[in-house]
Number of protein chains: 2
Amino acid sequence: MARVQRDGGDDSAPTTELPAVRDQGPPAVNGRANGRGAPMPADKVRAIPEAAVARLAVYLRVLSGMAEQGAVTVSSEELATAAGVNSAKLRKDLSYIGTYGTRGVGYEVDVLTSEIERVLGLTRQQKVAVVGIGNLGHALANYGGFPGRGFPVEALFDVDPDLIGIPVGGLPVNHIDDIPDICAKRKIAIGVIATPPTAAQAVCDRLVEGGVHCVLNFAPVVLQVPEHVEVRKVDLAIELQILSFHVARNAEQRVSRRTAAARASSNGEVV
Amino acid sequence: MARVQRDGGDDSAPTTELPAVRDQGPPAVNGRANGRGAPMPADKVRAIPEAAVARLAVYLRVLSGMAEQGAVTVSSEELATAAGVNSAKLRKDLSYIGTYGTRGVGYEVDVLTSEIERVLGLTRQQKVAVVGIGNLGHALANYGGFPGRGFPVEALFDVDPDLIGIPVGGLPVNHIDDIPDICAKRKIAIGVIATPPTAAQAVCDRLVEGGVHCVLNFAPVVLQVPEHVEVRKVDLAIELQILSFHVARNAEQRVSRRTAAARASSNGEVV
DNA sequence: ATCTGTGAAATCCTTCACAGCG
DNA sequence: CGCTGTGAAGGATTTCACAGAT
């Protein structure tokens, strides 16, 4: 067995679930007295909230846009607006990675950029394998935007014999049976699953076998993985259904507001 | 100008409000007059946490898989495991939509399925438009899996003159200038943006002009939208960067654990 | 005996608001 | 004076743990 169910998505949503750092010490839980003002032992890089990590990636993108336009410094207010958050949240997020701002002025775009890159581990390249070279797999393999050259695609896999050996985006397609071998040899860090749902779990197992610890899953299934493996999912159906919920909710709100208005007006009230 | 920055991504938003079920408006939307499952006090039917909505969609998928395999009832523990959450969370989530379980037994698969569908608004069809018919757009337009017949794709748009008029997945491509008109005429509920980042904001503005209130954004930009519009984003780059963060973190943990172990063993401690 | 439904506690995240630096 | 950095307050979400139904 040894399978643990976890998901990364959405998360999201928000939903983003943290890898449960479950330390089940026999005695009490760790006194999480995170010494605030006290400088913490450099040993322990303190946890950055999962939600903040996701936003740091957004800030990074916004910053790179600003750099292109020649911006040298930026205030928390500007950056926050461009990133779609409020400025208090942005400052709090940045405070998790250190203090790189100048009071009365703002942040230097390039300093902030490289600090975020450092925290996100973007200074090393993470090799990516894409499994499932259908419509979506093609899109992913060609995604010039596997962005900022931090995530080179270094292996492609499919079952279809007609695809094996064919180069896609300059890289030949291998058979999924070779996943464990090839991933291990090429030291693939991240596996992207773009297969039909029925194949996804088997593919995932082989990726794990090949030493892959991080999986990005586009297949509409919940993957079961061992504890040390991190899965994030991108799920079209679920995104649509969440939007659907909001449509329904808004429709109902509109109805009940209209009813209220009608009732009020028939009472001579002003709404 | 009245742009409000919000994003739908995997961040958590305040809990969404469900319609106040006040007195019966017109024939109205909330047919929650189910005699069998206990609805729940009208003034308590207020809000379903955003995070729970996302998971309800997951449960729905797991349930449909179970139904296919002939399952009639399911316990919270089984369903939770299959969905990758713990059972307390699952039960809490289900409690937001009513009480449809049987103590000592579990839930009936078909009852639960239709109740979740009802809450998510999947009883009505939501028409979808896809903008940007590149690799990804193709994948989306052909996605037989715009799943469970709840989300028919009813309009396609692109700028490329060579594409206009060409049918993709049985539907002709229109020019993006026609977005407002066509969306309004066909009563599109959800717009999916699969354009290059530079075009995304303009496309989004036109969708909103056409009366679209929900947007699913695949372009790597933060969209600015009016308040009444709901945006969710799917961002490959950000997903990869979040995974990258976990790679980095795990690497550090592994290092520090090794150091700790070394230190401990040189002290004769047991780890 | 088993499994749901749910208050209450614990945890995680966001927002406020202001001290303090440049 | 303007803007950052951050305790503290306020919410939201998750987990606990158990009463109660079958």
Side-chain angles (χ1 to χ4, degrees), chain A residues 6-7 10-24 28-40 46-56 73-81 84-108 111-112, chain B residues 6-7 10-17 37-41 44 46-56 73-81 84-108 111-112:
Chain A
R6 295 225 322 278
D7 75 78
D10 120 86
D11 265 309
S12 186
T15 308
T16 315
E17 278 191 17
L18 224 190
V21 179
R22 274 265 176 271
D23 70 344
Q24 69 305 31
V29 207
N30 59 351
R32 95 182 256 75
N34 181 2
R36 207 74 265 343
M40 52 182 59
R46 250 334 122 110
I48 300 178
E50 186 71 9
V53 172
R55 286 188 300 264
L56 285 171
T73 64
V74 63
S75 72
S76 63
E77 192 58 45
E78 290 170 314
L79 186 48
T81 302
V85 302
N86 73 35
S87 65
K89 195 191 284 187
L90 176 128
R91 288 199 302 277
K92 184 64 99 180
D93 287 344
L94 293 183
S95 79
Y96 294 123
I97 71 173
T99 73
Y100 301 104
T102 307
R103 289 169 196 238
V105 180
Y107 304 88
E108 282 184 50
V111 171
L112 208 45
Chain B
R6 295 224 325 277
D7 74 73
D10 61 337
D11 68 336
S12 47
T15 69
T16 51
E17 268 192 23
M40 86 183 356
K44 262 229 151 183
R46 268 282 142 114
I48 299 180
E50 184 72 9
V53 172
R55 286 188 300 264
L56 286 171
T73 64
V74 63
S75 72
S76 63
E77 191 59 44
E78 290 170 314
L79 186 48
T81 302
V85 303
N86 74 34
S87 65
K89 195 190 284 184
L90 176 125
R91 288 199 303 277
K92 183 66 100 180
D93 287 345
L94 293 184
S95 80
Y96 294 123
I97 70 173
T99 74
Y100 302 103
T102 307
R103 291 173 194 232
V105 179
Y107 304 87
E108 281 184 51
V111 171
L112 208 47

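Quick note on labels: first sequence line is chain A, next is B, and so on, each numbered from 1. These numbers were taken from a predicted model, which means no experiment stands behind them. The figures here come from the full heavy-atom set of this structure, side chains too, leaving out hydrogens, waters and symmetry mates.
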**Asked** Looking at the side chain of B:Lys89, which of D:dT15, C:dT4, C:dT6 is the nearest nucleotide?
**Response** D:dT15
**Prompt:** What is the minimum heavy-atom distance between B:Tyr96 and B:Ala47, and which atoms define it?
**Reply:** CD2-O, 4.3 Å
**Request:** Mind checking side-chain contact (heavy atoms from CB on, under 4.5 Å) for A:Ser76 and listing every partner two or more places apart, or none if nothing turns up?
**Result:** A:Ser87, A:Leu90, A:Arg91, A:Tyr107
**Complete:** Taken to the nearest whole Å, CG/A:Leu79 to C1'/D:dC3 is 14 Å
**Request:** Take the protein atom CG of A:Leu94 and the nucleotide atom P of D:dG5, then report the distance between them rounded to whole Å.
**Result:** 7 Å
**Asked** Over how many whole Å does the gap from A:Tyr100 atom OH to D:dC3 atom C1' extend?
**Response** 19 Å
**Message:** Nearest 0.5 Å, please: how far is CD in B:Glu77 from CG in B:Asn86?
**Reply:** 8.5 Å
**Request:** Using a 4.0 Å heavy-atom cut-off, write out nucleotides 16-22 of chain C from 5' to 3' as B (base contacted by protein), S (sugar-phosphate only) or - (no contact).
**Result:** BB-BBBS
**Distance below 4.0 Å between A:Tyr96 side-chain N/O and C:dC12 OP1 or OP2** = no
**Asked** Please give, in whole Å, the distance from D:dT14 P to B:Asp93 CG?
**Response** 7 Å
**Message:** Rounding to an integer number of Å, can you tell me how far B:Tyr107 OH sits from D:dA21 C1'?
**Reply:** 13 Å
**Complete:** Of all heavy-atom pairs linking B:Ser75 and B:Glu78, the shortest is N-OE1, 2.8 Å
**Request:** Could you check how far CG of A:Leu90 sits from C1' of D:dT4, rounded to whole Å?
**Result:** 11 Å
**Message:** Check the phosphate of C:dT4 against B:Ser76, side-chain N and O only, distance under 4.0 Å to OP1 or OP2. Yes or no?
**Reply:** yes
**Request:** Please state whether the phosphate of D:dT14, meaning OP1 or OP2, lies under 4.0 angstrom from any side-chain nitrogen or oxygen of B:Arg55.
**Result:** yes
**Item:** Nearest-angstrom distance from the residue atom CD1 of B:Ile97 to P of C:dT4
**Value:** 14 Å
**Fill in**
Scanning both residues in full, the closest heavy-atom pair of A:Ala52 with A:Asp93 reads CB-OD1, 3.4 Å
**Request:** Rounded off to whole Å, could you give me the CD-to-P distance for the B:Glu78 and C:dT2 pair?
**Result:** 15 Å
**Asked** Picking from B:Thr73, B:Leu56, B:Leu79, what satisfies side-chain contact (heavy atoms from CB on, under 4.5 Å) with B:Leu112?
**Response** B:Leu79
